[in-house]
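Here the structure comes first, spelled out in structure tokens, and everything after it is commentary.
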Amino acid sequence: MSGLEEKIKASLAEALVALGAATSTKGLEEARVAFIGTKGRLIELSRAVGSLPVAERPAAGQAANLALNEVRKAHKEALEALNAKLTQKPGLDVTLPGRRSPLGRQHLISRTMAEICGIFEKLGFTVVEGPEVETDYYNFEALNFPVDHPSRDMQETLFVGQDLLLRTHTSPVQIRTMEKLKPPVWIVAPGKTYRRDDDVTHSPMFHQVEGLAVAKGITMADLKGVLSAFATTFFSPDTAIRLRPSFFPFTEPSAEVDIACVLCGGRGCRLCKGSGWLELLGSGMVDPALYKFVGYENENVTGFAFGLGIDRAAMLKYGLPNIRHLYESDLRFLEQF
Ligand code: PHE
């Protein structure tokens with residue numbers, strides 16, 4: 001074996017070690033240039049084959065060709081392996097726990113509405129609904145509000161057209177229900193209501209539940225019994241109620257219903273302004289004037305009705321100082337319930 005052939009073989013071995021040791025594209029390129037670049041060691045050695053004695057050339061030439069091919073191949077493979085490693089994505093760890101998406105929940109208003117309706121359903125009432133956009137007829141006229149009577153000023157109405165308005169209370173559902181059903185009628189009607197009002201205890205959009213019971217022999221005692229059952233279930237088992245004389249065009253007699261203060265239990269505090277009582281809802285015996293509008297005049301029935309503010313009930317039950325908390329969609333607030 002010629003000395004050149006030996007040098008070629010030694011250089012091949014060195015080149016393979018250098019390529020194998022390179023850990024970066026840069027290192028790999030340096031090794032390539034060092035051995036098979038234009039002035040690389042193996043290239044120089046293979047050029048030297050031409051100056052060997054003729055007899056030694058074939059063996060040395062073959063060794064040089066083999067060495068060059070092997071180094072090119074080794075370089076190509078090392079480059080591919082390195083690229084594959086660089087572009088590899090981190091593996092999927094199937095033992096990692098999954099990510100939970102946060103669970104949604106019912107808004108406090110929806111929950112309170114469902115709870116209130118549930119209590120009345122257990123007492124035998126059926127839940128019905130009515131439109132939020134109403135006519136003057138259902139919101140006022142058929143509820144015995146005289147045309148141009150100042151009682152309409154009690155409610156700051158939002159009008160949306162000539163004869164169309166956003167209902168100022170859920171009481172129009174009393175009329176719509178009696179138009180459709182013959183007595184006995186036992187319904188509650190929850191929903192949104194609207195008034196031009198905006199302060200810490202009033203929102204332009206708020207919620208009410210209307211109650212209506214019309215049947216033979218209904219008295220004010222039934223009204224008081226039903227509302228007392230509601231108060232003790234919704235607030236606490238010892239919640240007392242009281243009825244105060246009031247006025248609504250669609251009930252006669254009318255009563256404002258108070259509950260014993262949720263904070264002091266009736267002793268008097270800042271929340272109840274020392275009175276021991278908190279106003280909860282408006283109610284009364286259905287004014288017979290309504291029966292003429294709905295075709296009940298010959299039914300020989302009596303009834304009671306009430307209208308309860310859901311937002312107000314939630315504020316009292318959970319001690320919320322400001323109605324706006326209910327409408328700001330701040331999850332830090334809402335998630336407490
Ligand atoms: N609609 C009345 C209000 O919004 C409440 C009410 C309902 C009073 C039913 C009596 C009977 O103030």
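Order of appearance sets the numbers: ligands from 1, and atoms from 1 within every ligand. Excluded from the calculations below are hydrogen atoms, water molecules and symmetry mates; all remaining heavy atoms, backbone and side chain alike, are included.
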According to side chain to side chain donor-acceptor pair (under 3.5 Å), who are the partners of R244, at least two apart in sequence or on a separate chain?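 For R244, the residues satisfying side chain to side chain donor-acceptor pair (under 3.5 Å) (neighbours in sequence not counted) are D258.
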Within a distance under 4.0 Å of any heavy atom of [X], pick out the atoms of ligand 1 and give their elements.
| X | result |
| --- | --- |
| R195 | 3 (C), 4 (O), 12 (O) |
| S171 | 1 (N), 7 (C) |
| F306 | 7 (C), 9 (C), 11 (C) |
| Q208 | 3 (C), 4 (O) |
| Q174 | 9 (C) |
| F250 | 1 (N), 2 (C), 6 (C), 7 (C), 8 (C), 9 (C), 10 (C), 11 (C) |

Between P190 and M113, what is the shortest heavy-atom contact and its length?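 That closest heavy-atom pairing would be CB-CG, 3.7 Å.
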Does any N or O atom in S283 lie less than 3.5 angstrom from one in ligand 1, N or O only?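 Between S283 and ligand 1, no N or O pair is found under 3.5 Å apart.
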Return a yes/no value for E210: is any of its N or O atoms, backbone included, closer than 3.5 angstrom to an N or O of ligand 1?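 In fact, backbone or side chain, E210 has no N or O that close.
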Under the 3.5 angstrom rule, does the side chain of R167 hit a backbone N or O of G130 as a donor-acceptor pair?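 Yes: the side chain of R167 pairs with the backbone of G130.
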Would you list the atom pairs, donor with acceptor, under 3.5 Å between side chains in residues 37-53 and any protein atom, with sequence neighbours excluded?
unit_1, atom_1, unit_2, atom_2, d
R41, NH1, E14, OE1, 2.6
S46, OG, L42, O, 3.3
S46, OG, I43, O, 2.8
R47, NH2, T38, O, 3.2
S51, OG, A48, O, 2.8

Can you confirm if the NZ or CZ of K317 lies within 45° of the ring axis of F234 and under 6.0 Å from the centre of its six-membered ring?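 Judged by the rule, K317 and F234 form a cation-pi pair.
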Selection from G282, S246, A255 by shortest heavy-atom distance to atom 6 (C) of ligand 1: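 Closest candidate by heavy-atom distance is G282.
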Evaluate the ring planes of Y318 and F337, with Trp represented by its six-membered ring, and classify them as parallel (under 30°), tilted (30 to 60°) or perpendicular (over 60°).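 Perpendicular.
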